[in-house]
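Worksheet for the structure shown next.
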There are 2 protein chains.
Amino acid sequence: MTDKDIRRRTIHDVAKAAGVSISTASNALNGTGRTNAETRERVKRVAKDIGFRPNALARSLLTKRSHAIGMLTNDTYGRLTLPMAAGVSEVLVDQGLSVFLCATNNDPRLARLHLEALLDRQVDGIIFTATRLDLPPPIELSKLPIPVVYVFAEGPSDHISFVPDDAHGARLAVEHLKNSGRSRILHITGPDDYVAVRRRANAYRDSVGEGAEVLYGDWSEEWGHFAIDAVFSRTGEKPDAIFCGNDEIARGVIDALRDKGIGVPNDVAVIGFDNWEVIAKQTRPPLTTVDMELKELGRRAGLAILALAAGEDVDTGTTRLPCSLVVRKSCGGEL
Amino acid sequence: MTDKDIRRRTIHDVAKAAGVSISTASNALNGTGRTNAETRERVKRVAKDIGFRPNALARSLLTKRSHAIGMLTNDTYGRLTLPMAAGVSEVLVDQGLSVFLCATNNDPRLARLHLEALLDRQVDGIIFTATRLDLPPPIELSKLPIPVVYVFAEGPSDHISFVPDDAHGARLAVEHLKNSGRSRILHITGPDDYVAVRRRANAYRDSVGEGAEVLYGDWSEEWGHFAIDAVFSRTGEKPDAIFCGNDEIARGVIDALRDKGIGVPNDVAVIGFDNWEVIAKQTRPPLTTVDMELKELGRRAGLAILALAAGEDVDTGTTRLPCSLVVRKSCGGEL
DNA sequence: GTGAAAGCGCTAACAA
DNA sequence: TTGTTAGCGCTTTCAC
């Protein structure tokens with residue numbers, strides 16, 4: 001077996017085998033120019049027969065479209081980034097776009113390394129994802145020669161960003177609680193230096209009105225536990241519903257309530273935020289929670305990059321995508 | 001601003017600006033051939049000044065090395081794939097290699113779409129990752145013209161595979177249990193059609209010897225709960241330690257024990273498997289568990305691909321990488 | 001309708 | 001030490 005045998009077939013091989021010139025072969029294969037229908041079919045058949053696959057590198061070099069995009073992510077591949085990446089990939093793969101995944105670990109050196117590699121590879125665009133809305137990218141992304149889209153991160157106002165509508169998610173939760181007859185709704189959430197936490201808390205306050213109370217803490221089960229201990233050991237009226245800032249807190253809340261012999265959802269209804277299934281499906285009872293539709297976020301970003309790369313105009317600014325409520329038993333499921 | 005202004009600088013621009021030919025510029029920039037030190041420095045400085053960055057596409061077309069690899073994954077970006085991807089990326093980024101992430105969702109159509117795209121892009125190698133050791137890839141990977149490495153999946157024996165050493169992990173757990181004075185150790189695990197489950201169970205039996213008992217179920221907290229209910233309601237001697245097949249089961253076990261008023265670790269010690277932090281850190285008490293060193297698995301795969309792509313010989317076959325034990329309070333932490 | 005030729009940006013013989 | 005030349009595999013005018 002010689003090198004020639006193992007070498008990939010080129011368009012030269014196709015042309016020779018079909019008895020046409022390479023330009024005709026190219027035209028036939030791509031449906032460009034004018035080609036006799038019969039020749040076209042023959043060329044295509046020959047190409048298939050000898051296993052020809054075009055070299056994407058050569059094509060890109062010429063067309064200046066690499067059909068690849070880079071996804072720069074801030075976190076160590078967390079649970080947020082991945083559903084989004086799946087969404088991105090989902091809309092791109094059928095268009096023949098591939099995705100470079102670059103984990104920056106929030107390290108500027110790594111970020112610049114990845115960014116330069118992406119630029120050198122002539123990617124058609126970059127999607128930047130974070131794990132937090134209010135953290136700037138570890139590297140300047142605002143004046144690149146290619147389109148940049150932000151997901152779960154807010155870029156400059158002349159760029160395109162997709163984020164979950166936290167306020168909408170919070171309203172969804174509170175309305176559902178109200179509709180199931182609850183009136184004393186407490187909000188136990190994460191650190192108030194998160195913009196998402198403040199947005200959710202504000203929406204909660206607007207929706208609950210009189211009697212709204214927000215307890216800020218960290219993102220842990222332990223905090224949920226602690227908060228319930230505190231709330232139920234103080235005097236005065238007790239809540240009949242808890243809206244939690246994330247599922248981990250909610251799990252702590254549910255566990256603490258059970259420890260106290262307080263029934264969920266009968267005595268106190270609980271709603272979480274994130275729909276992180278490993279938690280939400282396993283609480284007892286399973287957790288009703290707000291889903292941020294991460295995959296849809298990714299899908300939208302992919303679509304935006306696609307349009308941008310095709311030279312179309314896309315509205316700039318931040319798009320807040322609606323959340324959805326996943327109803328399980330901790331509030332309102334199978335009442 | 002004309003097109004020329006926005007066009008990326010090419011090696012021509014560098015050559016012109018430095019007053020040399022493009023081959024000299026190329027040599028100077030890459031340190032190849034013989035170049036006068038002074039010219040070399042001048043060229044480099046000029047390149048930097050005008051913001052020259054080599055076009056990776058053009059370079060790859062010529063050198064036949066794309067410095068990109070594809071990572072084909074079986075699952076919807078689960079918790080296993082990502083730490084591995086991080087490991088892969090970690091060893092490759094400094095070598096200038098980028099990673100295409102391709103989620104196949106175990107769908108043959110998607111898998112072939114991605115595979116073809118990767119091949120067309122002339123990737124230097126492919127890493128296939130699964131979520132289960134005994135699931136074949138959704139597409140034939142064994143006779144590709146480029147290196148293929150399997151991680152958390154076992155390829156054909158003439159290929160290279162890296163998997164966690166399940167037996168070692170199980171022994172680690174059982175030995176730790178024994179060392180902390182336990183003698184009646186029970187194993188509650190997942191479905192026995194998983195090869196990993198059988199390997200762990202066998203190692204457990206070998207290590208425990210007399211009195212070994214394995215309870216197979218599914219991978220849920222619920223099953224852990226159920227199993228404990230069953231075991232502690234039957235007559236006869238009760239276990240003083242439980243080795244669980246994964247962290248979710250372990251969490252169910254710990255919750256069930258607490259419900260029964262059985263102290264962990266005092267009455268019964270518990271060890272899990274996976275070190276999935278969202279669970280393991282949040283059980284009460286926090287879970288001692290076996291870590292499969294997923295990132296290291298990825299790192300090794302990245303190194304293997306690197307060597308293979310460089311034409312070096314690498315031993316074929318399956319390498320089982322040792323697990324590690326993460327000691328928290330459910331057994332032996334801060335005794 | 002088809003083919004010859006130029007060239008994308010770069011590297012690598014080889015000549016000078 | 002440097003420059004000239006060919007060419008990677010492909011697309012794309014532009015004659016024929």
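The basis for the numbers below is simple: all heavy atoms, side chains too, and nothing from hydrogens, waters or symmetry mates. Chain A is the first sequence line, chain B the second, and so forth, proteins listed ahead of strands; every chain is numbered from 1.
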Notebook entry, point to check: Can you tell me if B:R9 uses its side chain to pair, donor with acceptor, with the backbone of B:G51 under 3.5 Å?
Noted result: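 No.
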
Note to self: Any side-chain to backbone donor/acceptor pair from B:N105 onto B:D107? Under 3.5 Å, distance only.
What the structure shows: no

In terms of side-chain heavy atoms of [X], which of [options] is nearest?
X	options	value
B:F52	C:dC10, C:dT2, D:dT11	C:dC10
A:S21	C:dG3, D:dT2, C:dG1	C:dG3
B:T32	C:dC8, C:dA12, C:dT11	C:dA12
A:R34	C:dC8, C:dC10, C:dG1	C:dG1

Looking at [X], does any N or O in its side chain come under 4.0 Å of the phosphate oxygens OP1/OP2 on [N]?
X	N	value
A:T24	C:dG1	no
B:K64	C:dT11	no
B:N27	D:dT2	no
B:T63	C:dT11	no

Could you tell me how far apart [X] ([atom1]) and [N] ([atom2]) are, to the nearest whole angstrom?
X	N	atom1	atom2	result
B:H12	C:dT11	NE2	P	12 Å
B:N55	D:dC8	CG	C1'	13 Å
A:L29	D:dT12	CG	C1'	15 Å

Describe the nucleic acid contact of [X] in one word from base, sugar-phosphate, nothing, applying a heavy-atom distance below 4.0 Å.
X	answer
B:I22	base
A:T39	sugar-phosphate
A:S26	base

Check: Can a donor-acceptor pair under 3.5 Å be found between the side-chain atoms of B:S23 and the base atoms of D:dT4?
Finding: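 A donor-acceptor contact between them is present.
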
Next item on the list: Would you mind telling me which residue lines up with the more 5' stretch of DNA chain C, A:A37 or B:R59, judged by nearest nucleotide?
Entry: A:A37

Next item on the list: Determine whether A:L92 and A:L306 make a side-chain contact, defined as any pair of heavy atoms from C-beta on separated by less than 4.5 Å.
Entry: yes

Notebook entry, point to check: Would you call B:V99 and B:L97 a side-chain contact if the rule is heavy atoms closer than 4.5 Å?
Noted result: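 Not in contact.
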
Notebook entry, point to check: With sequence neighbours left out, which residue pairs that include part of residues 139-164 of chain A fulfil the side-chain hydrogen bond (donor to acceptor under 3.5 Å, both in side chains) condition?
Noted result: A:E140-A:S142, A:E154-A:R199, A:E154-A:T318

Check: Quick one: on DNA chain D, does B:R40 or B:L61 contact a more 5' nucleotide (nearest heavy atom)?
Finding: B:R40

